Amino acid sequence: MDKKLVIANWKMNIPSKGIDHFLKSVIPEMTNLQYVQPGICPPYLFIPQLFELLDNSSILLGAQNLHYEDNGAFTGEISAQLLETYCSLVIIGHSERRHLFHETDEEISKKIQTASHFNLTPILCVGENITERKNNLSSKIVTSQLITGLSKIKKPNKLIIAYEPLWAIGSGNAATPTDIELMVKVIRQVMLEKFGVESQNTVQIIYGGSVSEDNITKIITLPNMDGVLVGNASLDPLQYNNIIKNIETITT
Ligand code: PGA
């Protein structure tokens, strides 16, 4: 069984008491994890520092975005080539990038292709907004984001799909287990159709959107749930530790 992923997405934040305090509180708790694979996606500036500090720990390091070109005149952007020195994961197509920075599915597909050429496992984020949900379009939207976003990939070595409904992100109200389970099924089916049975080994499906120590048990015990992407709660070392401990206890 693959370990359950618990990926922290710090966004443009740092933990409330600072990175040193966070790591001092978290790293000792991460030894001998049997069922959880933790990861942290900090702001770019902290990636080299975390790379040093996480050395010999079991925590994976990831970026929150990348540019699809290998290098060039792209002020303010960062390439896969630079990231792969430090990171093994990269979040692509997060809803904040799609909506605040107008990233299209076409751009996202190029980013997925680039990450896959390098040694970076993409975490492709998909999810519907509240209007789409109210109009019963969730499955259709997610399917279309997957089809276009993955259009340049023939066979992924490793791929993580994060189902993150927009209305759940940062709201304090996670999607219900029923909603999540349904969408995990939809995503799994699209993966089967696109990449065949092999996708059961190469594609992991995780959930993100107001995950906390209080709701982790219900989410992680859903069938075929491979982990979580955690925003706000991952800035607090106690919560982050508790989420991980809860999973270790349930899976034991
Ligand atoms: P949240 O963010 O846990 O604060 O809802 C999750 C995300 O945006 O990845």
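Since the structure is predicted, the reported quantities are computational estimates derived from the model, not experimental observations. The first residue in the sequence is number 1, and the count goes up from there. One-based numbering, in listed order, for ligands and for the atoms of each.
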Is there a side-chain contact between Ile108 and Leu124, using heavy atoms and a 4.5 Å cut-off? yes
Sorted by first residue and then second, give each side-chain hydrogen bond (donor to acceptor under 3.5 Å, both in side chains) pair with at least one member in residues 100-127; sequence neighbours left out. Asn65-Lys111, Arg97-Glu103, Arg98-Asp105, Glu103-Lys111, Thr104-Glu107, Glu106-Lys152, Ser109-Lys152
More than 12 foreign heavy atoms under 6.0 Å from OH of Tyr44: is that the case here? yes
Does the plane of the ring in Phe22 sit parallel, tilted or perpendicular to the ring in Tyr240? Use 30° and 60° as the thresholds. tilted
Give me the pairs of N or O atoms, one from ligand 1 and one from the protein, that sit under 3.5 Å apart.
residue	atom	partner	partner atom	Å
ligand 1	2 (O)	Lys11	NZ	3.3
ligand 1	3 (O)	Ser210	N	3.4
ligand 1	3 (O)	Gly231	N	2.8
ligand 1	4 (O)	Asn232	N	2.9
ligand 1	5 (O)	Gly170	N	2.6
ligand 1	5 (O)	Ser210	N	2.7
ligand 1	8 (O)	Lys11	NZ	2.7
ligand 1	8 (O)	His94	NE2	2.7
ligand 1	9 (O)	Asn9	ND2	3.4
ligand 1	9 (O)	His94	NE2	3.2
ligand 1	9 (O)	Glu164	OE1	3.3
ligand 1	9 (O)	Glu164	OE2	2.8

Partners passing side-chain hydrogen bond (donor to acceptor under 3.5 Å, both in side chains) against Tyr163 (at least two apart in sequence or in another chain): Glu128
The criterion is side-chain hydrogen bond (donor to acceptor under 3.5 Å, both in side chains); which residues satisfy it with Gln204, sequence neighbours excluded? none
